[in-house]
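Here the structure is laid out as structure tokens; the discussion comes afterwards.
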Protein chains: 2
Amino acid sequence: MKRRAVANPLALAVLCGLLLEPMHPYEMGRRLKETGKDRNIKYNRGSLYMVVEQLGKAGFIAEQETVRDTARPERTVYALTDSGRAELYDWMRELVARPEHEYPRFGVALSLLGVLAPDEAAALLGERLTALDREAADIRADTAAAKEQGVLWVFLIEEDYRLALLEAEHRFVTALIDSLKAPEYARAWRAVFEEGET
Amino acid sequence: MKRRAVANPLALAVLCGLLLEPMHPYEMGRRLKETGKDRNIKYNRGSLYMVVEQLGKAGFIAEQETVRDTARPERTVYALTDSGRAELYDWMRELVARPEHEYPRFGVALSLLGVLAPDEAAALLGERLTALDREAADIRADTAAAKEQGVLWVFLIEEDYRLALLEAEHRFVTALIDSLKAPEYARAWRAVFEEGET
DNA sequence: GGGGTCATGTAATAGGTTACATGATTCT
DNA sequence: AGAATCATGTAACCTATTACATGACCCC
């Protein structure tokens, strides 16, 4: 199966934006930040111009006109092509229906947790718990505020998802701390990692 | 706060590997795959040689000797330096104690879910559920097998973590499907996305 | 003894991030 | 008026991934 011509998620956001109406790159970026989608789609201007160029080459979007507003730099307005629209839907379908293997940072930490002494690991995980709490509180506050403003729930599910993951991680870490504190583990750990050292 | 000289998680795995004993890059890679750590730390040979070079430049590891085994290509054996050991612990501590903002693929999908018609979205999410089940089953089978072989639980927690996330996502998706099926949503969606089109 | 694949690296390319540049607008 | 910030893009630099290369061993 051949890869997508443009793989960066930011490109998907661009296609999605252009579904509504043609616009110039900077405007896409502005909306991304404005609607908070940049919390779930990594955004930076450099990459944006890059993917716009790539999308152009792939024929998914096309320059529509070049406006010179006097004053501002010349802005090129892009529009979605038919094949771009097709790509958008195809990509979305894949993203929704098929989980992809990912590499969360915490998974890395856990893979190598063995190198830390049990009590230190437990303490650090304690710190993580409070950080997780803070994050969750932030998300709850943000979405509550947005709901008050009348934003539809569909436009907030990403944050609900984040919350669900956060809560799951919280439970997991809590349990893990307990396991680490079991004295048999401390003994086993010392046996493995401090063989000749003490 | 200045970034780490080498940021790729693969580098952390290298430092960790060299903590046990000096070795040459290919060997590090072999062990990574062998111990299954490559499920949580993205591995490919090109990147490996890259990070080894970077780690060398940063002074975290040093060439120890160059063995010519006749036959095989010349292999360079690396060893951890003191500053490398320090970096390893510092990095691990940060990784464990501080959650980082991440961009899971499914979050992207959810951010843009609105573009899909409600019933199609629900159907696709149904597909995802079965995929999630399959993944979870695989992980359970793998860890059960490993435990039988006598692997310590600490070396399997990454997979437990994955499972926890997978289960949380499963619950989330299940609930989401229900919400999408509510007829008010279908009506609202059509109002927004098909204004003049029908 | 020719066709895989193991072991080991290097080099070419593509992708993404940071830094730089510049005119307009707004704040104090 | 000078400082900060917005609006907009380009270019330089790093990082990561793919492709290429090569000699051994292993299998029928």
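Reminder, nothing fancy here: chain letters follow the sequence lines and each chain counts from 1.
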Sole candidate of A/L48, A/L10, A/N40 that passes side-chain contact (heavy atoms from CB on, under 4.5 Å) when paired with A/L32: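 Passing option: A/L10.
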Member of B/L110, B/I177, B/L125 meeting the side-chain contact (heavy atoms from CB on, under 4.5 Å) criterion with B/F172: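 The side-chain contact (heavy atoms from CB on, under 4.5 Å) with B/F172 is passed solely by B/L110 among B/L110, B/I177, B/L125.
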Full working for salt bridge (Lys or Arg N to Asp or Glu O under 4.0 Å) between A/R75 and A/E27: CA-CA 10 Å; A/R75 295 165 306 171; A/E27 170 74 6; over 6 Å; no
Rounded off to whole Å, could you give me the [atom1]-to-[atom2] distance for the [X] and [N] pair?
| X | N | atom1 | atom2 | value |
| --- | --- | --- | --- | --- |
| B/Y26 | D/dA24 | OH | C1' | 13 Å |
| B/R4 | D/dT15 | CZ | C1' | 18 Å |
| B/R31 | C/dT8 | CZ | P | 12 Å |
| B/R30 | C/dA7 | CZ | P | 7 Å |
| B/R75 | C/dC6 | CZ | C1' | 13 Å |
| A/K33 | D/dT5 | NZ | C1' | 12 Å |
| B/M28 | C/dA7 | CE | C1' | 15 Å |
| A/Y49 | D/dA11 | OH | P | 13 Å |

B/R98, CZ atom: more than 12 neighbouring heavy atoms under 6.0 Å: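 No, because the 6.0 Å sphere around CZ of B/R98 holds 12 heavy atoms or fewer from other groups.
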Go through A/R31 and A/E34 one step at a time and tell me if the salt bridge (Lys or Arg N to Asp or Glu O under 4.0 Å) criterion holds. CA-CA 5 Å; A/R31 292 197 189 185; A/E34 197 172 271; over 6 Å; no
Identify which one of A/E167, A/E135, A/E159 satisfies the salt bridge (charged side-chain N to carboxylate O under 4.0 Å, His left out) criterion when paired with A/R140.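 The salt bridge (charged side-chain N to carboxylate O under 4.0 Å, His left out) with A/R140 is passed solely by A/E167 among A/E167, A/E135, A/E159.
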Ring pair (Phe, Tyr, Trp, His ring centres under 6.0 Å): pairs with one or both residues in residues 105-147 of chain B, sequence neighbours excluded: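 Sorted pair list: A/Y161-B/F106.
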Show each protein N/O and nucleotides 13-21 of chain C N/O combination with a separation under 3.5 Å, one pair to a line.
{"from": "C/dT17", "atom 1": "OP2", "to": "A/S47", "atom 2": "OG", "distance (Å)": "2.7"}

Let's go through B/R162 and B/E158 carefully: what are the C-alpha distance in whole Å and the side-chain angles of both, what is the deciding distance for salt bridge (Lys or Arg N to Asp or Glu O under 4.0 Å) to 0.1 Å, and is it a yes or a no? CA-CA 6 Å; B/R162 259 175 204 291; B/E158 326 87 274; over 6 Å; no
To the nearest 10°, give me the bend of the helix from C/dG1-D/dC28 to C/dT28-D/dA1, comparing the axes of its five terminal pairs at either end.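 That helix has its two terminal axes inclined by roughly 20°.
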Ring-plane angle category for A/Y103 and A/H101, please: parallel below 30°, perpendicular beyond 60°, tilted otherwise.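 A/Y103 vs A/H101 ring planes: perpendicular.
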